[in-house]
Amino acid sequence: MESSKKLTIATKVLPLASLHPHLAIWKIKVVLTSKGSMREYQNAKGQGCVFKVELTDEDVSTQMQATMFNEAARRFFDKFEVGKVYYITKGTVKLANKQFTAIDNDYEMILSQYSQVDEVINESMVVPEKKFNFVPFDQLQPYVNNKTLVDVIGVVQHVAPIVSIRRKSDQQIVPKRDITLTSVVVSLWNHHANSVGQELLGKDDNSPIVAIKSLKIYETSCLCLVSYIYVMLPLFFSGLSLSTVTNSYIRIDPDIPQCLTLRSWYDSKGKETISALLCLAASTRLMKTPGPSMLSDWVTLHFITSNPCLGEDKV
């Protein structure tokens, strides 16, 4: 009798919003709305792999991040596909680490190799459009080295070549590509550098607009490194560096009101405004340093991006 009761509870589908760490037996029906890449890592316990997905409830009002490590990651990576519907049970719910997720939920899910994931055949759910909560560039300072991830939108001024960086935490070689968005530099890491970064590389002459969800912010000097050429932007460069995380979400020229507004401003006067600020900074020499300086010869971003051979002799 007791076993039958537990089975009934286990097979009853619960709303995603009802899950909490003290609920031992549950079953949910969700649509996969985002899937991260498989990432390898190394720590004191050895090597491992991890990947994350975002799950959305049927009412499209509740989302939760699910993380899988090692055997669970290898087992479910190919099974999970964006847009498909799944029954999930035998997972663990815990308090969310806000440093690694931008989902508005106090909890996150851990799936192990013993978790059960079953695709719901011949059934689909509407994949909700991701909502952005954009933070203006001049309001990013409070988020520096903060656990909170931010969303930004900007006009692409330059896309740098991809480079390989050795990660300090595990000595792994990872790809990195910097893109300049008007007044900040965003570092695209791993699959973002190879996928979206490569797509942007062929579009930067047209000044595309990108909306990016979930970025970490770090403080840097007021120098913008563009293809090995230093460009001083003292009037509007924020002195901040933004970096993608595994679950960052990037859209190029999205069909959203903020993009249309930004495009209208940039095409009508924004492009000239940026060039004018650079020229003003050059003429007033706001950065005065004694003796010769690598910053003494001022150039515009357009000059650099239209001359890709510049800096080829730099190391």
Side-chain angles (χ1 to χ4, degrees), residues 34 129-138 140 150-163 175-215 217 223-238 240-244 248-282 298-312 314:
S34 178
E129 184 70 23
K130 282 185 177 291
K131 296 181 179 180
F132 292 93
N133 184 23
F134 296 120
V135 179
F137 291 148
D138 61 355
L140 291 174
V150 302
D151 306 344
V152 302
I153 186 171
V155 182
V156 177
Q157 300 293 311
H158 179 77
V159 181
I162 198 166
V163 296
K176 172 179 176 285
R177 187 194 303 272
D178 287 343
I179 63 173
T180 304
L181 302 183
T182 310
S183 59
V184 297
V185 174
V186 178
S187 296
L188 307 180
W189 293 90
N190 296 304
H191 65 285
H192 297 300
N194 289 317
S195 56
V196 177
Q198 187 64 35
E199 185 177 353
L200 285 172
L201 190 61
K203 296 183 176 182
D204 56 342
D205 287 343
N206 299 323
S207 302
I209 291 175
V210 295
I212 309 178
K213 186 174 185 62
S214 302
L215 289 170
I217 304 181
L223 293 177
C224 177
L225 180 59
V226 181
S227 287
Y228 311 106
I229 300 292
Y230 283 90
V231 182
M232 181 59 68
L233 309 174
L235 293 181
F236 60 101
F237 184 58
S238 63
L240 303 177
S241 176
L242 286 66
S243 290
T244 59
S248 293
Y249 175 68
I250 306 174
R251 289 191 60 192
I252 302 174
D253 291 323
D255 186 16
I256 56 177
Q258 298 94 326
C259 178
L260 299 177
T261 300
L262 182 56
R263 172 56 65 196
S264 177
W265 169 82
Y266 184 80
D267 290 344
S268 61
K269 60 182 179 180
K271 188 174 183 179
E272 289 71 20
T273 300
I274 294 171
S275 297
L277 288 173
L278 283 169
C279 293
L280 177 61
W298 295 69
V299 295
T300 64
L301 286 172
H302 176 71
F303 175 78
I304 294 174
T305 56
S306 61
N307 292 271
C309 61
L310 288 175
E312 287 185 346
K314 303 295 182 181

Study note, to complete from the structure: Looking only at heavy atoms, the pair that brings G197 and L188 closest together is CA-CD1, 3.8 Å

Review point. If we only count heavy atoms from C-beta on, is the I217 to S241 side-chain gap below 4.5 Å?
Key: no

Check your understanding: F137 and V152: which non-hydrogen atoms are nearest, and at how many Å?
Key -> CE2-CB, 3.9 Å

Practice item. Can you run down the salt bridge (charged side-chain N to carboxylate O under 4.0 Å, His left out) pairs that involve residues 187-203, sequence neighbours left out, and say none if there aren't any? Key: E199-K203

**Study point:** With sequence neighbours excluded, residues passing side chain to side chain contact (heavy atoms under 4.5 Å, CB included) with S243
**Key:** S187, W189, Y218

Practice item. Provide the closest heavy-atom pair for V210 versus L200 in the form atom of the first, atom of the second, distance. Key: CG1-CD2, 3.7 Å

Point to revise | Closest contact, heavy atoms only, S214 versus D151 | key: N-OD1, 3.0 Å

**Study point:** Atom pair CZ/CD of F132 and Q258 - distance to nearest 0.5 Å
**Key:** 9.0 Å

Practice item. Would you give the length of the straight line joining atom CD1 of I153 to atom CZ of R251, rounded to the nearest 0.5 angstrom? Key: 10.0 Å

Study note, to complete from the structure: In terms of heavy-atom contacts, Q198 and N194 come closest through CB-O, 3.0 Å

Review point. CG of N133: more than 12 outside heavy atoms within 6.0 angstrom?
Key: no

Review point. Side chains of V196 and R177: does their closest heavy-atom pair fall under 4.5 Å?
Key: no

Practice item. For V155, enumerate each residue passing the side chain to side chain contact (heavy atoms under 4.5 Å, CB included) test, keeping only those at least two apart in sequence or located in another chain. Key: Q157, T182, S207, I209, L262, Y266

